[in-house]
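Quick notes on the structure that follows.
In the text below, chain A, chain B and the rest are named by the order of the sequence lines, each starting its count at 1. Please read these numbers as outputs of a predicted model, since none were measured by experiment.
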Amino acid sequence: MSEIALFGNPNTGKTSLFNHLTGSYEYVGNWTGVTVEKKVGLLRDKKNHLIDLPGIYSLKPLSSDEDVATLFLLNEKFSKILNIIDASQLERNLHLTIQLLEFAKPMIIGLNMIDVSNQRGIKINETKLSELLGVSIFPIVARSGKGCKELLNSLDSNTSKNIESFKIDYGSILENKIEELSKLLPSNLNISKRWLAIQYFEGNEQVKKYLQSFIPENCLQEIYLDTEKQLITTEALSSLTKFIHNKRHQHIKKITSQILVKTKTTKPTFTDRLDNIVTNKVLGIPIFLTLLYITFMLTFDWLGFPLADILDGFISGPLTNWIMALLGLIGASAFLESLVIDGIIAGVGGVLVFVPQIFILFFAISLLEDSGYMARVAMVMDKLMEKVGLNGKAFIPMIIGFGCNVPGVMAARTIEQPKERLLTTLLTPFMSCSARLPVYALFVGAFFVKYQAFVVLSLYVLGIVIALILARIFSSVLLKNETSVFIIELPPYRVPQIRTLFRSTWDKGKGFIRKAGTIIFAGSVLIWLLSYSGPSGFDVPMNESFLAMIGGIIAPLFTPLGFGTWQAGAGLLTGFLAKEVIISTMSIIYFVPEANLQAFMATQFTPLSAFSFMVFVLLYVPCLATVVVIQKELNSKKWMAFSVFISFFIAYVLSFLIYQGGKLIGF
Amino acid sequence: MVLTDLKQGDTAIITDLSKVNILVQQRLMHMGMIEGVQVVTKRSMPFGGPLFLESHGQNISIRRNEASRIRVEQL
Ligand SMILES: Nc1nc2c(ncn2[C@@H]2O[C@H](COP(=O)(O)OP(=O)(O)OP(=O)(O)O)[C@@H](O)[C@H]2O)c(=O)[nH]1
């Protein structure tokens, strides 16, 4: 079995094509760079693997998600390149195509968005284009799957050979230097030397690192500077990068003049008309805030809450009764019965109740991504983000972070400026992810019945405000000498396909259900066991259990914050695994048959200490999965530790201020 | 004249990008916005926010201070 690599510009329909060719569904997004990980799928005919790479404009990387593509070419084994091109943006897309052709591996082109280009009155002579580039071209519509069969068949046939014929003449000066550099490379290299040389001269940092393993750095540097000097004097150009780009551009112009026919002039598109409203000077920000508010209310109030209620009724009513009956039937011991009812059902069930709300939230986020609106959000919010030293793109990871911090942190990769990316990664965990929602729901249900939505909204806003303040502080310390930059492509709006939308909601949400079956299940069993046993044996009163002892050790730490009980301590401790576990723990601890959990909690918390507790849960340490991903993304234990420390510190200070301040003014 | 001198809806040709931040310059290049190419300023965001530009059918947003470093010739 061999591997085929899928390359293309951002938003050209790569993910859609991937899904059509492999059958296994992947995450489809519409803002530039959603596909940040290497994803592998089995082609429908089960003969080859297809590898999805991040969308890139050029092989010369600017942001860290773009490194992936070059590193892939340098280090991985694969047999063929599949290049997907957006027919409605042919010229721009061909820049990448040329760089891939220069790599001189077998290649096939999928000419996508034929429907869009037809609509715009662009006709492309595919046969001629295929001749000029020396590779097969298949017109497709990845959205509907049109033409994908033919493409798939040709991927299998091993007829396509290496392409040697394609060559752009970069002019005698550069050509000589390319030759010179190639000669310095070992002859047994299985990567095209010409490609390596061109990429090096273009300024590809990853290629430079690769070349340094064969050629001393100063020697490399010398060739580069010499070439640049020669070109600048003869061609009056500012840089080598630009020179190469211009050469390619000329070549592309020559190609397109032979194959492009424009049959009609374009009228304002749907995107233009929608943008007139959505990015309107006055309405832009209010529209965004309204959309956020609607999302929030749908998740929390209008739709999510009643659904969660129904589910809760089912789990604590019929389901528990059935399982009790079943347990009775098989004659389970009191130990087993308690484990299942007080441990697993209370712990896992207490979390599963929130599945509807979490899916609604993920659905809304998928909708924002797939429609192309996310990039507009980045633009509309850029001014605010600039004020705190970041750029509008940082807003996207934060919104995704409302669903789950893990993909949020990963989404920070598309930010070009390393320091801005670092900051965004560190601040995304302050966004209140959906796993924290159950905690709020439990507490507002018990203490703030009248103001539920308002109290929860205030927590979300608090998370954002803290992140912005920290951004302001950190950027003036960390980013002193760096200029913040912002540039984003605004892709055309596309009506999301319902199927895609549901799949991408499911892809995001299934992790939550999986967690319920694994971490939370295991956690529940463990917590129950700790609460069931104590120094004096099994079935001890809760207050004499191991859990009470462990929670009791750290409880005094939280006394100044208003929740110095062993129960809260135990919940917070286990909550590091996953924030939902706090709820599992509380459900198990406060499990009082025939009594209402929320009524019972009222004996443990006051409204003030409950609020203080929620604020603490919002801010204190990111969950385990997020901490791991921060470490991976930043490749630094130091920053990971910093992230944990700073969030704990802020949580503590703020909860302290809220509780003590609240007491002072008489709450 | 520079890009920020244009009024909403004006079309111009880019004549010089060399003063622009290098990262932005390269991204613009990736998106096909180089010297000699047409741009339209479609609108700008409030409070001195970024500009919304169009260049042969694609939409791009950059900050005002970068835009003010792009020399253009109005059509
Ligand atoms: N009209 C039309 N829309 C398409 C076509 N192919 C993809 N799309 C739509 O274009 C949008 C972007 O497609 P994706 O598959 O997410 O593109 P991508 O290249 O993977 O994008 P990134 O991963 O963000 O780089 C989606 O809304 C698709 O439904 C096509 O051939 N015609």
Run the numbers on A/Arg421 and A/Glu416 for salt bridge (Lys or Arg N to Asp or Glu O under 4.0 Å), then give the verdict.
CA-CA 7 Å; A/Arg421 174 172 171 236; A/Glu416 285 93 355; over 6 Å; no
Side chain, backbone, both or neither: which part of B/Arg43 has a heavy atom under 4.5 Å from chain A?
side chain
Contacting region of B/Ile34 [heavy-atom separation from chain A under 4.5 Å]
side chain
So which atom in [X] and which in [Y] form the shortest heavy-atom distance, rounded to 0.1 Å?
X        : Y        : value
A/Phe7   : A/Asn83  : O-ND2, 3.2 Å
A/Ser484 : A/Gly389 : CB-O, 4.2 Å
B/Ser61  : A/Leu490 : CB-CD1, 4.1 Å

Chain B contact via [X] - side chain, backbone, both or neither, heavy atoms under 4.5 Å:
X        : value
A/Asn93  : neither
A/Thr241 : both
A/Asn9   : neither

Can you give each donor-acceptor pair under 3.5 Å made by side-chain atoms of residues 44-57 of chain B, sequence neighbours left out, with the distance rounded to 0.1 Å?
unit_1, atom_1, unit_2, atom_2, d
B/Ser44, OG, B/Arg64, NH2, 3.4
B/Glu54, OE2, B/Gly57, N, 3.3
B/Ser55, OG, B/Gln38, O, 3.1

Name the member of A/Thr271, A/Val380, A/Asp275 that forms the most heavy-atom pairs with chain B at distances under 4.5 Å.
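Most pairs with chain B among the choices: A/Asp275.
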Picking from A/Leu96, A/Asn276, A/Ile56, which has the most non-hydrogen pairs under 4.5 angstrom with chain B?
A/Asn276
Could you tell me which residues satisfy ring pair (Phe, Tyr, Trp, His ring centres under 6.0 Å) with A/Phe288, sequence neighbours excluded, listed by chain and number?
A/Phe395
Strictly below 4.0 Å, N to O, side chains only: are B/Arg69 and B/Glu66 in salt-bridge contact?
yes
Salt bridge or not for A/Glu202 and A/Lys208, using N-O below 4.0 Å?
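No.
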Quick one: CG on A/Leu274 to OG1 on A/Thr279, what's the gap to the nearest 0.5 Å?
8.5 Å
Can you check whether anything in residues 11-23 of chain B gets within less than 4.5 Å of chain A, heavy-atom wise, and list it by number?
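If one takes a 4.5 Å heavy-atom cut-off, the residues of residues 11-23 of chain B near chain A are B/Leu17, B/Asn21, B/Leu23.
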Please determine, among B/Gln58, B/Lys42, B/Gln25, the option with the most heavy-atom pairs under 4.5 Å with chain A.
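Sorted descending by pairs with chain A, the first entry is B/Gln58.
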Residue pairs passing the salt bridge (Lys or Arg N to Asp or Glu O under 4.0 Å) test where at least one lies in residues 90-100 of chain A, sequence neighbours excluded:
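Every pair satisfying salt bridge (Lys or Arg N to Asp or Glu O under 4.0 Å) with a residue in residues 90-100 of chain A: A/Glu91-A/Lys253, A/Arg92-A/Glu489.
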